[in-house]
A.B. asks: 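Pasting a structure here, questions to come.
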Amino acid sequence: MNLKPQHYINGKWVDAKSGKTRDIINPFNQEVIVTAPEGDETDTKEAIAAAREAFDNGEWSSTPATERGAIVRKIAEFIERDREELAELESLDTGKTVEESRGDMDDIAGVFRYYAEIADKNGGEMIASPVPDSVSKVVHEPVGVCGQITPWNYPLLQASWKLAPALATGNTLIMKPSEITPLTTVKVFQLMEEAGVPAGVANLVLGAGSTVGAELSSSLDVDLISFTGGIVTGKKIMQAASVNVKKLALELGGKNPNIIFADADFDIAVDQALNGVFFHAGQICSAGTRLIVEESIHDEFVNALVERLKNFKLGSGFDEDTQMGPLISAEHLAKVEEYVEKGKKEGATLAVGGSRPEAPELQDGFFYLPTIFTDCTTDMHIVQEEAFGPVITVEKFQTEEEAVKTANDSIYGLAGGVWTNDSVKAERCAAKMRMGTVWINEFNLYFPHAPWGGYKQSGIGRELGKLGIEEYTETKHIFQNLKPAAMNWF
Ligand SMILES: NC(=O)c1ccc[n+]([C@@H]2O[C@H](COP(=O)([O-])OP(=O)(O)OC[C@H]3O[C@@H](n4cnc5c(N)ncnc54)[C@H](O)[C@@H]3O)[C@@H](O)[C@H]2O)c1
Ligand SMILES: C[N+](C)(C)CC=O
């Protein structure tokens, strides 16, 4: 391993002040890939101070947006240059297939390119002032010092959604990746340094959420927290952030419905229902784990799903024929197992899977078989809670209204899908589905130009698209009276 994980604070690569370290584990075989510094509050405070100073001295925020955009574009170019190395690091760290990781790297470069292009197109606007002889204008300014906290499932992808717009708009930042999967984030900070991001503007602290993450969330010197992760953590961060009324962007979990009407293209819907869940072993916030299938095709649809899983290939993300890698950790595997046991107890029927695989070559990794439950009802825990694993629940419906009502019966509202050849029906459903993204005859597609985020408890705010820029800017109204005069009121 060429990469030496370290904190990056004020333009310097450093170890944890305490000297503590953490082993980074390969989820395919539990081998230690590398050792990373285990930061704590002390390291975090130092990084916050660096970001504060870099913001308050105004150099970065007053750098012309075109120049900031050029640096962000260089980062995209370096990611493209080092695509293979980054993809392999991501797969080593997360267990996902290298093919998936390559796709992630292309998406990530695309995100940096997108924000590079729009960096200098956020110039504000003139207002038609109702006051004679005056100038009234609206300008957009960076928020300030941003704390950015990311999860382990799409480590660099989620980081890119935060880094690119924050840099493009002139903020300074401290990023805390998941302590389980920091490798590609470390590498991208090296690329950011190479691209010319000035010292202190982008800082990286590695370590746990309870120390580094909590310090970022509660610091009086941090102006915004952008968090992607679980709902329980999101609520803690929201509470901590209230200390100075920080701006908050929360991208939380999902339990995403995928409605299959009888008039959908059957084979495509089956194929995409599998893709919608089993990429990265179901460890996707927007995984379509909640299938809602029209009763008249239910049995045939479930049989087709089960049939397709018969030759499913679990294995190393580095083997070309692997379709699904391991789960991220022993703890997470135990959580998925517990969830499946709960489903059995609740009366759902196991159509396939429901255990760890028996193959001897998979015993060192955190593998779990693709699993489908039928006879599910909306009130079951397995239907309502995010297992974040390769587990599908299937519910039935008879009418369009029932399908939409079932889909909306959730505390979450991240994403959902509708499969039908009746586009008017599809639009009707999409209009009523209470989610940040609705796909029609598609699932799990995202790109930099369209906003991403959740309704209800799936979060606050939006990443990507133009709204992704707005998260990182304050809006100011500047009014100038060109003919000031006394009022003589007092
Ligand atoms: N909405 C989205 O776009 C999106 C994308 C990816 C993942 N997710 C969600 O992320 C979750 C899986 O990720 P995870 O297990 O890493 O989530 P998590 O909430 O356990 O951890 C996420 C990050 O928060 C940090 N953290 C933990 N406790 C903290 C605290 N008290 N204060 C501050 N930071 C703290 C962790 O160290 C990690 O970096 C799932 O719920 C998934 O749906 C959502
Ligand atoms: C947002 N997304 C779909 C890239 C990853 C969610 O876990």
Side-chain angles (χ1 to χ4, degrees), residues 107 251 253-279 284-305 307-308 372-379 383-384 386 392-459 461-468:
D107 288 344
E251 297 288 346
K255 185 74 189 182
N256 312 287
N258 194 5
I259 301 174
I260 319 286
F261 282 101
D263 62 1
D265 185 316
F266 187 88
D267 292 335
I268 296 176
V270 167
D271 184 72
Q272 293 285 353
L274 296 170
N275 291 340
V277 177
F278 295 128
F279 269 118
I284 307 182
C285 56
S286 52
T289 49
R290 219 185 141 189
L291 276 186
I292 302 174
V293 182
E294 191 157 355
E295 193 163 27
S296 58
I297 59 160
H298 172 275
D299 294 355
E300 195 190 348
F301 199 84
V302 170
N303 289 341
L305 293 174
E307 188 59 33
R308 284 277 297 267
I372 301 179
F373 274 119
T374 56
D375 299 318
C376 297
T377 50
T378 308
D379 55 340
V383 172
Q384 290 295 337
E386 187 187 40
I392 298 180
T393 62
V394 190
E395 294 159 87
K396 290 179 196 167
F397 71 89
Q398 288 179 329
T399 65
E400 182 184 322
E401 289 69 28
E402 189 189 351
V404 171
K405 187 164 180 272
T406 304
N408 282 336
D409 190 347
S410 171
I411 61 163
Y412 292 106
L414 187 59
V418 184
W419 292 86
T420 171
N421 276 319
D422 179 341
S423 66
V424 176
K425 179 162 71 180
E427 288 293 341
R428 260 197 319 264
C429 290
K432 289 186 197 138
M433 287 164 75
R434 304 274 303 149
M435 288 139 218
T437 297
V438 176
W439 293 290
I440 299 172
N441 297 330
E442 179 59 71
F443 211 91
N444 255 344
L445 186 77
Y446 45 89
F447 41 79
H449 317 67
W452 180 269
Y455 280 30
K456 302 194 256 180
Q457 294 190 38
S458 284
R462 293 292 179 272
E463 292 192 302
L464 297 185
K466 289 186 188 147
L467 290 175

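In this text, all values refer to a predicted model and were calculated from it rather than measured experimentally.
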A.B. asks: Under 3.5 Å, is there a donor-acceptor pair linking the side chains of S286 and N256?
C.D. replies: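 Not at all, the side chains of S286 and N256 share no donor-acceptor pair under 3.5 Å.
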
A.B. asks: So, using side chain to side chain contact (heavy atoms under 4.5 Å, CB included) as the criterion, who are the partners of D375 when residues are at least two apart?
C.D. replies: T349

A.B. asks: When you compare the side chain of K456 with that of I411, does any pair of heavy atoms fall below 4.5 Å?
C.D. replies: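 No; the side chains remain at least 4.5 Å from each other.
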
A.B. asks: What closest approach, in Å, do A273 and N258 show between heavy atoms, and which atom pair accounts for it?
C.D. replies: CA-ND2, 4.1 Å

A.B. asks: With a 6.0 Å cut-off (strictly less than), is the heavy-atom count around CZ of R428, excluding the residue itself, greater than 12?
C.D. replies: yes

A.B. asks: What closest approach, in Å, do G254 and S458 show between heavy atoms, and which atom pair accounts for it?
C.D. replies: CA-OG, 4.1 Å

A.B. asks: Can you see which heavy atom on T437 is nearest to which on P451, and at what distance?
C.D. replies: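 Closest approach of T437 to P451, heavy atoms only: OG1-O, 4.3 Å.
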
A.B. asks: Sequence neighbours left out, what passes ring pair (Phe, Tyr, Trp, His ring centres under 6.0 Å) with F301? Give chain and number order.
C.D. replies: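 If we apply the ring pair (Phe, Tyr, Trp, His ring centres under 6.0 Å) test to F301, skipping adjacent residues, the hits are F266.
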
A.B. asks: Between I292 and P257, which heavy-atom pair has the shortest distance, and what is it?
C.D. replies: CD1-CB, 3.7 Å

A.B. asks: Excluding sequence neighbours, so at least two apart, what forms salt bridge (charged side-chain N to carboxylate O under 4.0 Å, His left out) with E251?
C.D. replies: none

A.B. asks: Would you compute the distance between atom CD1 of I284 and atom CD of E386 and round it to the nearest 0.5 angstrom?
C.D. replies: 11.0 Å

A.B. asks: With a 6.0 Å cut-off (strictly less than), is the heavy-atom count around NZ of K425, excluding the residue itself, greater than 12?
C.D. replies: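 Enclosed.
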
A.B. asks: With sequence neighbours left out, write down each residue that passes salt bridge (charged side-chain N to carboxylate O under 4.0 Å, His left out) with R308, or none if nothing qualifies.
C.D. replies: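 Once residues adjacent in sequence are excluded, the partners of R308 under the salt bridge (charged side-chain N to carboxylate O under 4.0 Å, His left out) criterion are D271.
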
A.B. asks: Is any side-chain heavy atom of F397 closer than 4.5 Å to one of K405?
C.D. replies: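 With C-beta onward as the side chain, the pair stays apart.
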
A.B. asks: Less than 4.5 Å apart, side chain to side chain, heavy atoms only: is that true for N444 and N275?
C.D. replies: no

A.B. asks: Any side-chain heavy-atom pair from I440 and E427 closer than 4.5 angstrom?
C.D. replies: yes

A.B. asks: Identify the two heavy atoms, one from D409 and one from T378, that lie closest to each other, and give their separation to 0.1 Å.
C.D. replies: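 Scanning both residues completely, I find the closest heavy atoms to be OD2-CG2, 3.1 Å.
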
A.B. asks: Are Q384 and K255 close enough that some pair of their side-chain heavy atoms sits under 4.5 Å apart?
C.D. replies: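 A side-chain contact is absent here, since even the closest heavy-atom pair is not under 4.5 Å.
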
A.B. asks: Report yes if some heavy atom in the side chain of L305 is under 4.5 Å from a heavy atom in the side chain of V270; otherwise report no.
C.D. replies: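 Side chain of L305 against side chain of V270, heavy atoms only: contact under 4.5 Å found.
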
A.B. asks: So, does R290 use its side chain to make a donor-acceptor pair with the main chain of T406 at under 3.5 Å?
C.D. replies: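 The answer is yes, because a donor-acceptor pair under 3.5 Å joins these two groups.
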
A.B. asks: Kindly determine whether I392 and F278 satisfy side chain to side chain contact (heavy atoms under 4.5 Å, CB included), including the steps that lead there.
C.D. replies: CA-CA 9 Å; I392 298 180; F278 295 128; 3.8 Å; yes

A.B. asks: Identify the heavy atoms of A269 and I260 that sit nearest to each other, and give their distance.
C.D. replies: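 Nearest heavy atoms, A269 then I260: CB-CG2, 4.1 Å.
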
A.B. asks: Do any pairs count as a ring-ring contact (aromatic ring centres under 6.0 Å, His included) and have a residue in residues 407-445, sequence neighbours left out, and if so which ones?
C.D. replies: W439-F443

A.B. asks: Can you check whether D107 reaches F447 side chain to side chain, under 4.5 Å on heavy atoms?
C.D. replies: no

A.B. asks: Got a second to check how far I259's CD1 is from E400's CD, nearest 0.5 Å?
C.D. replies: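 One finds 9.0 Å between CD1 of I259 and CD of E400.
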
A.B. asks: Applying side chain to side chain contact (heavy atoms under 4.5 Å, CB included), name anything that partners A262, two or more places apart in sequence or on another chain.
C.D. replies: E294, S296, I297

A.B. asks: Roughly how far, to the nearest 0.5 Å, is the CD atom of E295 from the NZ atom of K396?
C.D. replies: 5.5 Å

A.B. asks: Quiz question: by atom type and distance under 3.5 Å, do the side chains of D379 and T377 form a donor-acceptor pair?
C.D. replies: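 Yes - a donor-acceptor pair under 3.5 Å links their side chains.
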
